[in-house]
Amino acid sequence: IKPSISHILFAVEIWYNLVTRKKQAGTTIITQTKNKVNKNQSQTQRRQKMKNIKKFVSLILVLVSLTVLAIPFAPISASAASTDVTVTESISNIYVDTSKDYYVVKNTATMRSSTGLFYSVYANLAKNTVIKINGSNGDFHKVKVTENNKSLTYYIKKSELKKASSNTKATFAYAVKDAPLRKAPRDDGSKIATIKKGTVLYVLGNITNQHKSKWLVVMDQDMRLGYIFNNNVKTTSKITVSVSGPAFVSTASPANFTCKVSPSEITGIKWSVSDTKLADIDRSGKLTAKAGGNVTVIASLGKLTSVELKANAYLGVKAVFQSNNVCCSAASTVAVLHYKGKATTKKDTDLFPKIQGYVYKIRDQLNENLGENFYCYNTFKSYEAYEKAIRASLAQNCPVIARIGKFEKQYFNYGSNGHYTVIVGIYEQDGEVWLKVVDSFVNRYKSNTYCDAKSGVIEIPAKTLYEYGKYGGKSPVYLIYNN
C-alpha cells in the first residue's frame, strides 16, 4: 500500500495533537503559581511557536513525501543506453623482434677501439642491454656506429654477450622534448630521425660513453635501433590508454570520443573507425555517423597499441506524433521523409488519404517524394531474413517502417491491434539483438522502462518486434525498407 500525502499529513496531525496535549497538561500544573498575565503570555507564545513548527514540519513532510512517492514511478529513459562507455588497456611491456644479429649483455660489456692489448674505451654497456652486432673478429663481435656520417667499428668480447631471443622484452620511454635519435651514443652521432615530444620509444638498455654521458639504447616504433640522450626522455614501466564515448551516436548529431593516456605526457593518438560507410572520425575524436549499424572506434598509439570501443550508429529520425488514432502509417511516412529532407507536409492528416494504412501505398509515397525507387516492401517468413533486411536498409541511411499487429505495454507504453512504427537503429545488448524505434503514438501515455514518451524512442528486442508483426501468427510480417 502506498500512502498518499494526505494520509501522511493526517497521521502527523494526530501525533502532533497527542504530543501537544501532554505538554499542555504538564505546563498547567507548573504555571499555577505564576500570575495570570504571565501565564496567558507564555501560553500564547507557545501556541504561536508550535503553530510555526507545525507549518515547517508539514512543509518538509510534503516535500519528502513527493520525492519518496515519485521514486517508484520514475521511468528509465529509453535513451539510458546512450550513456558513455569506457575501454581501458594497460601495457606493462612490449616484445620487439630481435631474431637476427641481436645480442644481450650478460653482466657488463665494453665497446673498445681494437681487439689488442692497447685500446681506448668507447662506451660501457649495462647488464641486459640489447645490441646489434655487425660481424665478428676472432673472440670479438663487431659493432658499427656512425659519427658525422663516418662509419666506425668497435669491438665487444663474445664472452660478454649472449644471443638474444627472437622476441626480446623491452620497457618504455617517452621524449620530454623534440630530440634526435642517433647512430652513436654521442652528440655528434649521425641523426636517424627526430623523435617528437611525447613519442613512445622501446628501451633496450643503457650505455655510458667515454665522456661519462648516459644514453639509452632504444627502438622507435618503426623498429629502428638507435641511441638517445638520457635527459631527453623519461622511462616508464606501464602505459595505460583509456577511450571513452557514447554507446549510441545519432546521424543527426556528432559525438565526441576522448582518449586519456598515462603518463599524460605521451602523445600521438590517432583515431579511426572500422567502417567509413557508417561513420567518420576526425583527429580530435569527433565522430559523425552517416548510417545505421555497429561501428568500432579505434584509438591507436602508434604501433604500440590500439584500443577499440564498440559504438552504435543510428538514424536521427524525429518522431511525428499522429493527429488521431488511425494516422500511424502517415505519421511514420512523414517522419521518414522529414529525415531524408523530402517532406512536402508536416501534417500526417494531409498524407493519410493517399496511404490509408496500406504497405504498398506507403512505399509509393516514399519513392514519389524521394524521386527514386529507394523503398520496397516485403514479407518475411524467418527472423534471420527480417534482421538482415533491417541491417541492410539502415546501413544505406534509410529508416525502416515496420507493420506490427497485436502487442502489449511492456515495450510500448500502450496496447494495439495494428500499428506502423519506424526502426532507426540496431545493436546488441547482453548477447541479444535490439532495435531502436521511433513511434508516433507513445506521447499520449507515460514513459516506461523501455519507452520515452517525450522523444518517441522505444528500445525493444528485434525478435519481439518480429513476433509482434505476425498479428498473433495470422499474418505475414511486413517491412517497408531499402533493399
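Note that the structure is a prediction, hence the values are computed from the model and not measured.
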Ser242 versus Lys260, side-chain donor and acceptor atoms under 3.5 Å: no
Are Phe407 and Phe412 an aromatic pair, judged by ring center distance below 6.0 Å? yes
Could you report the tightest heavy-atom contact between Tyr339 and Asn397, atom names first, then the distance? OH-OD1, 2.5 Å
Any donor-acceptor pair under 3.5 Å linking the side-chain atoms of Glu408 with those of Tyr468? no
Verify the ring-centre separation between Phe441 and Phe321: is it less than 6.0 angstrom? no
Nearest heavy-atom contact between Gln221 and Leu301 is OE1-O, 3.6 Å
Does a side-chain heavy-atom distance below 4.5 Å link Leu181 with Asp220? yes
Check Trp271 against Cys259 and note the closest heavy-atom contact, atom names and distance. CZ2-CB, 3.6 Å
Could Lys470 and Glu467 be called an ion pair, given the rule that one side-chain N must be under 4.0 Å from one carboxylate O? yes
Asp452 with Lys454: basic N within carboxylate O range, under 4.0 Å: no
Less than 4.5 Å apart, any side-chain heavy atom of Leu465 and any of Ile423? yes
Quick check on the 6.0 Å ring-centre criterion: do Tyr414 and His419 meet it? yes
Is there a donor in the side chain of Asn413 and an acceptor in the side chain of Arg444, or the other way round, less than 3.5 Å apart? no
Testing the basics here: between Ser114 and Tyr119, what is the closest heavy-atom pair and its distance to 0.1 Å? OG-CB, 3.5 Å
Evaluate the criterion salt bridge (Lys or Arg N to Asp or Glu O under 4.0 Å) for residue pair Arg224 and Asp222; output intermediate values, then yes/no. CA-CA 6 Å; Arg224 294 176 295 188; Asp222 291 323; 3.8 Å; yes
Can you confirm whether Phe140 sits close enough to Ile156 that some side-chain heavy atom of one is under 4.5 Å from a side-chain heavy atom of the other? no
Looking only at side-chain N and O atoms, does Ser90 offer a donor or acceptor that is under 3.5 Å from a partner on Thr240? yes
How about Lys163: does its NZ atom have over 12 heavy atoms from other parts shown lying under 6.0 Å from it? yes
Measure centre to centre between the rings of Tyr227 and Trp215, then say whether the value is under 6.0 Å. no
Cation over ring, Arg403 on Tyr478, under 6.0 Å and within 45°? no
CA sep, side-chain torsions, deciding dist, call: His141, Tyr155, ring-ring contact (aromatic ring centres under 6.0 Å, His included): CA-CA 6 Å; His141 287 302; Tyr155 303 89; over 10 Å; no
